[in-house]
Amino acid sequence: MSSDGSRGMAALADPTRAKILRLIRDSPDGRQLVGRLAEALALRQPTVSHHMKALLAEGVVVREPDGRRVWYSIAPDQAARVDALLGGGPPVRPPDLERIVADLSTRYRGTFSPETVRAQVSESYELLAGVTAPPLVASRTAGFAATRLDALSRVAGDRTDRPEVLFVCVQNAGRSQLAAGILRQLAGDRVAVRTAGSAPGPEVRSSIVHALDEIGISLGGEFPKPLTDEMVRAADVVVTMGCGDACPIYPGRRYLDWDLEDPVGKPAAVVRAIRDDIERRVRSLLIELLPT
């Protein structure tokens, strides 16, 4: 490679080499085999090997032997230049689900098998990936999977005297979050509180965050979550708010339907009124849950 690196970029003048580099850069683990490249480009392997030798000689890629296979990846010191010339950057890589599985398997050792944990993690990721911003999907997948495993444990018989309440609205970004935040603040650890949405949105609305902050309540790491079967079965009380018939009905649960105005697009004064209405209902419910 030349001292100023300019010759390395000349290798991209060939459109086939640019396509090769894009395939390498955009692959899930940032590397490719010659055989896979040939298949993707509908070229013969010797042709692709010829281009790889040129890119390697120019220092644009690096070679990583792996037994009989040889992987190629973008040279670290050339990544920025390759991005600049190809346009855009690599897509956000999916989270390391196996690491999440390993961590949760340790946490739930003796309660759930690694296979059960893996199934919950995989499904939780699939449910969240379409509505969650990529930088947050890993942490939210871990949190959502843990919530579902806790619910499964409760369904399996690991119940305590602590009542559990599930608040459900359409997007799990407004009314249900207001109710959950207020109940957590009032009850502390005496009541388990969960939320879900029949069609969850990407984030809790800023108007809801502000309305809770005004009365000294922080949502912390709460985020919209899909409604799942085990969350309903684990609850003692299910409170629905405008989600229609989306919530399944199971014997032994108490169901309440709170007829509340949707705060979407409403001015702050209206959101505050909805919050205060919810607080009154939550306080009444808490008296029933913890009469002493």
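The first residue in the sequence is number 1, and the count goes up from there. Keep in mind it's a predicted model, so treat the numbers as computed, not measured.
Annotation: the span from Gln177 atom CD to Thr195 atom OG1 amounts to 4.0 Å, rounded to 0.5 Å. The CG atom of Leu212 sits 9.5 Å away from atom CD of Gln185, with the distance rounded to the nearest 0.5 Å. The OG atom of Ser49 sits 11.5 Å away from the CG atom of Leu56 when rounded to the nearest 0.5 Å. Taking CG from Leu104 and OG1 from Thr111, the interatomic distance works out to 12.0 Å, rounded to the nearest 0.5 Å. To the nearest 0.5 angstrom, Arg25 atom CZ is 14.0 Å from Ser73 atom OG. To the nearest 0.5 Å, atoms CG (Leu127) and NZ (Lys225) are separated by 12.5 Å.
Considering Leu55, Leu21, Val62 as possible partners of Ile74, the one that fulfils the side chain to side chain contact (heavy atoms under 4.5 Å, CB included) test is Leu21. With Pro163 as the fixed residue, the side chain to side chain contact (heavy atoms under 4.5 Å, CB included) test singles out one of Leu285, Val191, Val193: Val191. Partner of Met231 under the side chain to side chain contact (heavy atoms under 4.5 Å, CB included) criterion, chosen from Leu152, Val168, Leu166, Val238: Leu166.
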Which atom pairs, one a donor and one an acceptor, fall under 3.5 Å between side chains of residues 30-39 and the rest of the protein, sequence neighbours left out?
unit_1 : atom_1 : unit_2 : atom_2 : d
Arg31  : NE     : Asp29  : OD2    : 3.2

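Taking a 6.0 Å sphere around CZ of Arg162, one finds it holds more than 12 heavy atoms contributed by other residues, nucleotides or ligands.
Under a 3.5 Å cut-off, the side chain of Tyr108 and the backbone N or O of Ala146 do form a donor-acceptor pair.
Side-chain atoms of Leu41 and Leu23, non-hydrogen and from C-beta on, do get closer than 4.5 Å to each other. Between Arg194 and Phe167 there is no side-chain heavy-atom pair separated by less than 4.5 Å. Contact of the Glu58 side chain with the Gln78 side chain is not registered, since no non-hydrogen atoms from C-beta on lie closer than 4.5 Å.
Membership of an apolar cluster is not assigned to Leu136, as no side-chain contact below 4.5 Å to another ILVMFWY residue is traced. Grouped by direct or indirect side-chain proximity (heavy atoms under 4.5 Å, Ile/Leu/Val/Met/Phe/Trp/Tyr only), Ile287 sits alone.
Connection of Val131 to Ile208 is not established within any shared hydrophobic cluster, with ILVMFWY side chains joined at heavy-atom distances below 4.5 Å, either directly or through further cluster members. With hydrophobic clusters built from ILVMFWY side chains whose heavy atoms lie under 4.5 angstrom apart, Val264 does not share a cluster with Ile278. Under a hydrophobic-cluster definition in which Ile, Leu, Val, Met, Phe, Trp and Tyr are linked whenever side-chain heavy atoms come within less than 4.5 Å, directly or via other members, Ile20 and Trp71 are assigned to different clusters. No path of Ile, Leu, Val, Met, Phe, Trp and Tyr side chains, each step under 4.5 Å between heavy atoms, connects Val204 with Val170, placing them in separate hydrophobic clusters. In the hydrophobic clustering of ILVMFWY residues, with side-chain heavy atoms under 4.5 Å counting as a link, Val155 and Val165 come out apart.
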(request) Would you check, one step at a time, whether the test side-chain contact (heavy atoms from CB on, under 4.5 Å) holds for Val82 with Ile24? (result) CA-CA 11 Å; Val82 169; Ile24 295 173; over 6 Å; no
(request) Check the pair Arg17 / Val60 against side-chain contact (heavy atoms from CB on, under 4.5 Å), numbers first and verdict last. (result) CA-CA 10 Å; Arg17 293 175 191 173; Val60 180; over 6 Å; no
(message) For a salt bridge (charged side-chain N to carboxylate O under 4.0 Å, His left out) check, start with the C-alpha distance between Arg281 and Asp277, then their side-chain angles and the critical distance, and finish with the verdict.
(response) CA-CA 7 Å; Arg281 295 169 188 257; Asp277 184 5; 3.1 Å; yes
(request) Before giving the answer on side-chain contact (heavy atoms from CB on, under 4.5 Å), spell out for Glu123 and Arg148 the whole-Å C-alpha distance, their side-chain angles and the decisive distance to 0.1 Å. (result) CA-CA 10 Å; Glu123 186 176 83; Arg148 299 180 66 194; 2.3 Å; yes
(request) List the steps and the verdict of side-chain contact (heavy atoms from CB on, under 4.5 Å) for Phe223 and Leu128. (result) CA-CA 10 Å; Phe223 58 91; Leu128 291 175; 4.3 Å; yes
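Evaluation of the side chain to side chain contact (heavy atoms under 4.5 Å, CB included) rule for Arg154 yields Arg159, Thr160, Glu164, Ala234, Asp236 as partners, not counting sequence neighbours.
Across Leu186 and Val282, no two heavy atoms sit closer than the pair CD1-CG1, 4.1 Å. Across all their heavy atoms, Cys169 and Ser176 have their closest contact at SG-OG, 3.0 Å. Across Ala211 and Leu178, no two heavy atoms sit closer than the pair CB-CD2, 4.3 Å. Heavy-atom minimum distance, Pro200 versus Pro224: CB-CB, 4.0 Å.
Within the structure, side chain to side chain donor-acceptor pair (under 3.5 Å) pairs that include any residue of residues 253-268 comprise Thr240-Asp257, Arg254-Glu288 (at least two apart or interchain). Sequence neighbours left out, the pairs with a member in residues 126-146 that pass side chain to side chain donor-acceptor pair (under 3.5 Å) are Arg140-Glu203.
Residues Arg275 and Glu279 are not paired through a salt bridge, judged by the lack of any N-O separation under 4.0 Å between the basic side chain and the carboxylate. Under 4.0 Å is where a charged nitrogen must lie from a carboxylate oxygen, and between Glu222 and Arg184 at least one such pair does.
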